[in-house]
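A short worksheet on the structure shown next.
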Amino acid sequence: MPDRHRYYLTTAIAYANNRPGLHTLYEVVGADVLARWHRMKGDDTRFLTGTDEYSVNIAMTAAEQGKEPRAFVDEMVALFGDAEDALGISPDRFIRTTDPDHERAVHEVIRRCYANGDLYLGTYEGWYCPNEGFRARSDLIEDASGFHCPNHPGVELQWLSETNWFFRLSKYQAALERHFAEHPDWVQPEFRKNEMLGFIRGGLEDFSASRQNATWGIPFPILPDGTWAQREDGSWHPGAGTVYVWFDALINYITGAGFPDDPKAFAHWWPADLHVIGKDINRLHTVMWPAMLMSAQIPLPRKVWVHGWLLVQGERMSKSRGNFLDPHAVVAALGTDGARYVMLREVAFDRDTDVSWESFVRRYNADLANDFGNLVNRTVSMTNRYLDGRRPAPRVHDESPLGEGWHDTLNRFVERLEGHLLHDALAELMEFVSGANKVVDAEQPWVLAKAAKAGDREAEARLEAVLGDLVEACRLVGLAAAPFLPNTAPRVMLQLGFGFGYAPDGNGGPAILDELRWGAHAATAGHVGQPEPLFPRLDIEPPPG
RNA sequence: GGCGGAGUAGCUCAGUGGUAGAGCAGGGGACUCAUAAGCCCUUGGUCGGUGGUUCGAAUCCGCCCUCCGCUACCA
């Protein structure tokens, strides 16, 4: 344990205002792959994901449905849990901002920021939609009758002002610029970093840390006179207002690491190695959040990876547009691993990508059914047919074209994966698969088998060598793809006659980089199992969910 | 408006001075271990427009057109 690297990664917490769409879970699947990869490497890994449950909007939506906010978010969280299970997500903790330890973490951060002189009372003014709260001017529609909220065009907007606690973001401009300069790749991809750097250089304004009239939120713990707002019976003084959701939500990342209840755990897990987020919340994570941490005197996360969006005919996939895919429908059609694969292969992890049922099905058939699934199937089938199932050893790597090629494939795969270019990592694997399929046709094992049967010893040796190489190629690809295809990997190993020593979440097995050496199990004799199609080809296009 | 990015085969993209590439989709062929999969061959592009620099430009420079991102209180 002391020698293991530790790796702590998080996703953004999802806004629990609706059932999750595939676009929401895309980020979580991507992070899940990284978590599984680190677990299989042997890293002491912690993967945090969860839900953001406070806000005026959520209280409003709950009320529309005649429900208490807590009951409403409980329902939403159950839907998130179902969908994440269907997609094989393996969090070490699913955090909810309504969790009691999160409230303690938020209060402690606020206490520290206040002690540091970074919270003060001020007045916030802006256009207020009764359904959604304050709205950015840039989000509003302006016409002859004035400004309107795009989601509620019939509702009259009000110009409101209220007393809020403000966080002194302006104070941290220089410190943030310095941090960006000293950690040039702490926000990636590069163009996302540059956008935020430009934003910071343009000047920073203080922002609200509390809301006066919102009731569904974490109680703000400080009264206007600066005294702690907790009463003798443990309850919080309602006059103090609630913590503004922005301020509250970001803190989940340290709550999930043990702050402030478990200092030992916190020292172990924090700072996070990686925050995976969407481009729409870049500013919150790379400007506000680091400033908050500086104020609370907590180290900053090491890296933020900003992914793009799933697009449908050029438009963002979203619930409000109604063009989203239901994760359960995708899983029903493609299976858990098929759904994970097409999402992460078809969508570039560093930018927006157009997706469709057609593109998903095409990708599934081309890569999983025709190329990889079929390679395993034909390899196992030929080994059974020509060698009575006895599994031949691969040649040593420098006597085997596939063995030689694997070295570069693995290097590039790991480089892409750890550089968070998940789609490119998968492309490397599939290119190797394509090479293996070409080897089958070039060597024609069926011809070798016929010659061997007729007594040709040279052909017999070659048959064994070729099939040994192919079995090894299947083992390596199946294992390397395990973080992406967690359910398929054990099935591949079973068909090849190997064990799979990892727990369902990827923990507990041998270090994957050792296992990914060409010929790692060359000395182990064995028999292959029966061929079973891993990814049945889809001939009919499934209906959109 | 300001700053930044992009426009290359039907689709998604690679390609930063030297006779246009990949994958998928489409067409043809030989084979048969295999999920009618795989393999081989192949159709297809005035590289957004225009004017320059150069022996030579998708690649460098100017201008124009189109699209996208950032430009703070929904998260």
Side-chain angles (χ1 to χ4, degrees), chain A residues 12-17 52 54-58 124-129 131-139 149-151 164 166-167 169 190-192 194-199 201-209 211 244-250 278-284 287-288 308-309 311 314 320 346-348 351-356 358-359 362-363 365-386 423 427 430-431 433-434 436-449 467 470 531-539:
Chain A
I13 46 175
Y15 195 46
N17 68 335
D52 182 12
Y54 290 118
S55 84
V56 175
N57 287 337
I58 285 178
Y124 183 77
E125 289 191 317
W127 287 108
Y128 185 90
C129 169
N131 293 306
E132 297 201 43
F134 286 101
R135 299 288 312 200
R137 192 184 206 105
S138 56
D139 282 346
C149 167
N151 299 328
N164 284 173
F166 277 78
F167 176 78
L169 181 66
E190 194 71 8
F191 73 103
R192 294 294 174 201
N194 291 335
E195 285 175 357
M196 288 307 107
L197 209 42
F199 177 80
R201 287 178 177 145
L204 298 178
E205 298 169 14
D206 299 344
F207 64 86
S208 300
R211 276 284 121 97
Y244 187 32
V245 280
W246 279 14
F247 208 89
D248 144 22
L250 292 160
K279 66 180 187 179
D280 50 334
I281 51 177
N282 191 3
R283 198 177 63 231
L284 269 62
V287 182
M288 276 82 160
W309 288 337
L311 266 30
S320 59
E346 199 64 15
V347 183
R351 57 178 184 266
D352 296 355
T353 308
D354 229 280
V355 302
S356 64
E358 292 72 20
S359 71
R362 212 164 34 226
R363 181 63 75 176
N365 278 336
D367 289 10
L368 295 180
N370 297 350
D371 283 358
F372 179 55
N374 187 48
L375 175 68
V376 173
N377 196 245
R378 67 201 303 210
T379 297
V380 172
S381 177
M382 286 189 289
T383 303
N384 273 310
R385 183 183 288 224
Y386 303 141
H423 57 297
M430 293 316 297
E431 197 172 319
V433 166
S434 174
N437 272 318
K438 291 186 209 313
V439 164
V440 176
D441 286 86
E443 298 286 351
Q444 304 186 82
W446 49 95
V447 174
L448 294 170
L467 286 179
L470 290 170
E532 290 278 339
L534 297 168
F535 300 100
R537 186 180 163 83
L538 300 173
D539 289 320

Quiz item: Any donor-acceptor pair under 3.5 Å between the side chain of A/D441 and the base of B/rG38?
Solution: yes

Quiz item: So, does the side chain of A/N374 form a donor-acceptor pair with the base of B/rA34 at under 3.5 Å?
Solution: yes

Quiz item: Considering heavy-atom distances to RNA chain B, does A/P536 or A/S55 have its closest nucleotide positioned more toward the 5' end?
Solution: A/P536

Determine the contact category for [X]: base if any of its heavy atoms lies under 4.0 Å from a base atom, sugar-phosphate if only primed atoms, P, OP1 or OP2 are that close, otherwise nothing.
X	result
A/M288	base
A/F166	base
A/Y15	sugar-phosphate
A/L169	base
A/P445	nothing
A/N384	nothing
A/G308	nothing
A/G198	nothing
A/L284	nothing
A/R211	base

Is there a side-chain contact between [X] and the phosphate of [N], meaning an N or O under 4.0 Å from OP1 or OP2?
X	N	answer
A/Y244	B/rA75	yes
A/N370	B/rU35	no
A/R385	B/rA34	yes

Nearest-angstrom distance from the residue atom [atom1] of [X] to [atom2] of [N]:
X	N	atom1	atom2	answer
A/D352	B/rC68	CG	C1'	8 Å
A/D280	B/rC70	CG	P	9 Å
A/E205	B/rU71	CD	P	12 Å
A/N164	B/rA72	CG	P	18 Å
A/D371	B/rA36	CG	P	14 Å
A/L448	B/rU32	CG	P	13 Å
A/L311	B/rG69	CG	C1'	12 Å
A/E346	B/rA25	CD	P	12 Å

Self-check item: Salt-bridge contact A/D441-A/R378 (side-chain N to carboxylate O under 4.0 Å)
Solution: yes

With [atom1] as the reference atom in both, quote the distance from [N] to [M] in angstrom, rounded to an integer.
N	M	atom1	value
B/rU42	B/rA9	C1'	14 Å
B/rG23	B/rC40	P	9 Å
B/rC3	B/rA20	C1'	33 Å
B/rA57	B/rU66	P	28 Å
B/rC65	B/rG49	P	15 Å
B/rU54	B/rG5	C1'	28 Å

Quiz prompt | Residue A/S381, side-chain heavy atoms: nucleotide from B/rA75, B/rA34, B/rA72 that is nearest | solution = B/rA34

Exercise. Could you check which of B/rU35, B/rA34, B/rA75 has an atom nearest any side-chain atom of A/F535?
Key: B/rU35

Quiz prompt | A/T379 side, atom OG1; A/N437 side, atom CG - distance, nearest 0.5 Å | solution = 7.5 Å

Quiz item: Does A/Y54 have A/R211 sitting over its ring (NZ/CZ under 6.0 Å from centre, angle to axis within 45°)?
Solution: no

Self-check item: Watson-Crick/G-U partner (both atom distances under 3.5 Å) of B/rG4
Solution: B/rC68

